[in-house]
Amino acid sequence: QVQLVESGGGLVQAGGSLRLSCAASKSISTINTMGWYRQAPGKQRELVATITSGGNTNYAHFVEGRFTISRDNAKNTMYLQMSSLKPEDTAVYYCIRIVPGTSLTLGSWGQGTQVTVSS
């Protein structure tokens with residue numbers, strides 16, 4: 001079973017940027033769809049963005065135009081470039097395999113990486 005480890009989170013001021021990384025324990029070239037979820041204190045975990053092996057992307061409305069999801073199969077890594085960050089983006093961010101065409105997840109949730117945006 002492939003394992004995914006998130007990194008790159010931290011403390012940033014509103015309007016700033018961060019790039020999150022998701023490193024896989026084995027090749028991701030055969031993984032059709034991967035994505036990022038986030039969970040803020042007191043809120044339900046929510047889908048942020050997805051990307052297919054062909055490079056097709058989908059974004060939640062609250063990050064549209066600010067975040068960019070990408071993947072590098074040669075490095076077995078998926079990324080989330082976060083720009084124009086807002087305090088409401090504060091959350092723990094998770095990467096996970098997703099059933100193609102759905103929001104259903106495959107595998108277990110990892111530790112995630114904390115993103116804190118100050119005002």
Side-chain angles (χ1 to χ4, degrees):
Q1 187 86 324
V2 63
Q3 294 186 8
L4 304 173
V5 180
E6 304 92 343
S7 64
L11 176 63
V12 64
Q13 294 182 22
S17 300
L18 284 173
R19 189 178 75 161
L20 307 184
S21 297
C22 173
S25 61
K26 63 179 182 180
S27 177
I28 62 170
S29 62
T30 60
I31 300 177
N32 191 321
T33 305
M34 303 173 67
W36 291 90
Y37 278 75
R38 72 184 187 186
Q39 187 167 33
K43 293 186 177 181
Q44 183 175 292
R45 184 178 283 121
E46 59 187 359
L47 181 62
V48 176
T50 62
I51 186 168
T52 70
S53 59
N56 293 319
T57 59
N58 182 268
Y59 298 92
H61 67 91
F62 48 81
V63 303
E64 186 74 46
R66 299 189 297 119
F67 292 9
T68 301
I69 188 171
S70 63
R71 60 194 286 174
D72 187 334
N73 290 345
K75 295 182 178 180
N76 296 329
T77 304
M78 179 176 67
Y79 304 97
L80 185 67
Q81 178 65 51
M82 310 166 69
S83 300
S84 300
L85 284 163
K86 306 175 180 179
E88 50 263 46
D89 293 320
T90 295
V92 177
Y93 285 72
Y94 304 87
C95 64
I96 198 162
R97 185 175 180 177
I98 296 172
V99 177
T102 77
S103 61
L104 299 175
T105 60
L106 292 171
S108 301
W109 297 101
Q111 181 174 268
T113 185
Q114 174 71 233
V115 172
T116 303
V117 184
S118 66
S119 60

### Message
Taking CD in Gln3 as the centre, count heavy atoms belonging to other residues, nucleotides or ligands within less than 6.0 Å. Is the count above 12?
### Response
no

### Query
Which pairs with one or both residues in residues 49-82 pass disulfide bond (SG atoms under 2.5 Å apart), sequence neighbours excluded?
none

### Summary
Scanning both residues in full, the closest heavy-atom pair of Leu85 with Arg66 reads CA-NH1, 3.9 Å

### Task
Flag the pair Arg71 / Ile31 as yes when at least one side-chain heavy-atom distance between them is below 4.5 Å, and no otherwise.
yes

#### Entry: Audit row: Tyr37, Ile98, side-chain contact (heavy atoms from CB on, under 4.5 Å) steps and yes/no
CA-CA 11 Å; Tyr37 278 75; Ile98 296 172; 4.1 Å; yes

### Query
If two hydrophobic side chains count as joined below 4.5 Å and joins carry through other members, does Val48 share a cluster with Val117?
yes

## Note on the structure
Looking only at heavy atoms, the pair that brings Thr33 and Pro100 closest together is OG1-CA, 3.7 Å

### Query
OG of Ser27 to NZ of Lys75: how many Å apart, nearest 0.5 Å?
15.0 Å

### Query
Rounded to the nearest 0.5 Å, how far does CG of Asn76 lie from OG of Ser25?
8.5 Å

For residues 102-116, run the donor-acceptor check on the side chains, cut-off 3.5 Å, and write out each pair with its distance to 0.1 Å, sequence neighbours left out.
from, atom 1, to, atom 2, distance (Å)
Thr102, OG1, Val99, O, 2.9
Thr102, OG1, Leu104, N, 3.0
Thr113, OG1, Gly9, N, 3.0
Gln114, OE1, Thr116, OG1, 3.4

### Task
Answer yes or no: is there a side-chain heavy-atom contact under 4.5 Å between Glu6 and Leu20?
no

### Query
Is Met34 linked to Val5 within one hydrophobic cluster, defined over Ile, Leu, Val, Met, Phe, Trp and Tyr using a side-chain heavy-atom separation of less than 4.5 Å?
no

### Summary
All heavy atoms of Ser84 vs all of Ser17, minimum pair found to be N-OG, 4.4 Å

### Message
Tell me whether Trp36 shares a hydrophobic cluster with Tyr94, the cluster being built from Ile, Leu, Val, Met, Phe, Trp, Tyr side chains joined at under 4.5 Å.
### Response
no

### Task
Give, for atom CD1 of Ile69 and atom OG1 of Thr52, the distance between the pair rounded to the nearest 0.5 Å.
9.5 Å

#### Entry: Qualifying disulfide bond (SG atoms under 2.5 Å apart) pairs with a residue from residues 15-84, counting only residues at least two apart or across chains
Cys22-Cys95

## Note on the structure
d(Arg19 CZ, Met82 CE) to nearest 0.5 Å is 13.0 Å

### Message
How close do Thr77 and Ser21 get, counting heavy atoms only, and between which atoms?
### Response
CG2-CB, 4.2 Å

### Task
Starting from the C-alpha separation in whole Å, work towards a yes-or-no answer on side-chain contact (heavy atoms from CB on, under 4.5 Å) for Asp89 and Arg38.
CA-CA 9 Å; Asp89 293 320; Arg38 72 184 187 186; 3.0 Å; yes

### Message
Is there a continuous path of hydrophobic side-chain contacts, each under 4.5 Å between heavy atoms, that joins Ile51 to Val63?
### Response
yes

### Task
Please answer: with hydrophobic residues joined when any side-chain heavy atoms are less than 4.5 Å apart, are Tyr59 and Leu47 in the same cluster?
no

### Task
List the steps, then state whether side-chain contact (heavy atoms from CB on, under 4.5 Å) holds for Glu88 with Phe62.
CA-CA 10 Å; Glu88 50 263 46; Phe62 48 81; over 6 Å; no

### Message
Quick one, Met78 and Leu4 - any side-chain contact, counting heavy atoms below 4.5 Å?
### Response
no

